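Please read all numbers here as calculations on a predicted model, not as lab measurements.
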Amino acid sequence: MSPTGAGAFPGDKTLSANNWIHSSMTLVKKHRLRTKKSLIDTLPELVISALANHEDFVVTYETDPNTKKKSLYVMTGELITPDMLAILKQQIERKKEEGNSIITHDWK
């Protein structure tokens with residue numbers, strides 16, 4: 001198994017703080033990563049890999065409505081469609097006063 005783990009979809013790598021992968025089809029329990037690297041140590045490697053491979057890099061969390069437990073998700077792969085990106089950019093623009101932000105940079 002690679003340090004980033006195998007994702008729920010081909011070519012997709014996903015890490016979650018509670019070692020679960022969610023997909024639209026299944027909920028799969030992941031095996032603990034073989035390395036003892038912390039998430040903070042793994043993040044830079046995932047960002048560099050995603051940039052080098054021209055992949056999306058997404059970090060988000062969700063709160064379980066019943067237990068209030070928060071789960072962190074770090075995902076790389078071909079995840080964001082042009083339509084999804086347009087919606088996200090619109091949401092950020094509408095909520096800038098609330099602290100939402102976006103960084104845009106020319107790329108290759």
State which residues pass side chain to side chain contact (heavy atoms under 4.5 Å, CB included) with Asp64; sequence neighbours excluded, sorted by chain then number. Asn66, Thr67
Residue set satisfying side chain to side chain contact (heavy atoms under 4.5 Å, CB included) with Ile48, at least two apart, ordered chain then number -> none
Which atom names give the shortest non-hydrogen contact between Gln91 and Asn100, and what distance separates them? O-ND2, 4.2 Å
Rounded to the nearest 0.5 Å, what's the gap from CD1 on Ile80 to CG on Leu88? Could you check? 6.0 Å
Hydrophobic side-chain clustering at under 4.5 Å (ILVMFWY, transitive links): who's grouped with Ile92? Put none if nobody. Ile102
Once you round to the nearest 0.5 Å, how far does CE of Met75 lie from CG of Leu46? 11.5 Å
Between the CD atom in Glu55 and the CD atom in Glu78, the distance rounded to the nearest 0.5 Å is 7.0 Å
Side chain to side chain donor-acceptor pair (under 3.5 Å) with Asp41: which residues, sequence neighbours excluded? Ser38
Side chain of Asp56, backbone of Thr76: donor and acceptor closer than 3.5 Å? no
Given side chains that start at C-beta, do those of Phe57 and Val74 come closer than 4.5 Å, heavy atoms only? yes
Please report the interatomic distance OG1(Thr104) to NZ(Lys89), rounded to the nearest 0.5 Å. 6.5 Å
Sequence neighbours excluded, which residues qualify as side chain to side chain contact (heavy atoms under 4.5 Å, CB included) partners of Thr81? Asp83, Met84
Residue list, salt bridge (charged side-chain N to carboxylate O under 4.0 Å, His left out) with Glu93, at least two apart or on another chain: Lys96
Shortest non-hydrogen contact from Tyr73 toward Tyr61: CD1-CA, 4.4 Å
Test side-chain contact (heavy atoms from CB on, under 4.5 Å) applied to Glu45 and Lys37, step by step: CA-CA 11 Å; Glu45 294 171 12; Lys37 288 186 177 181; 2.4 Å; yes
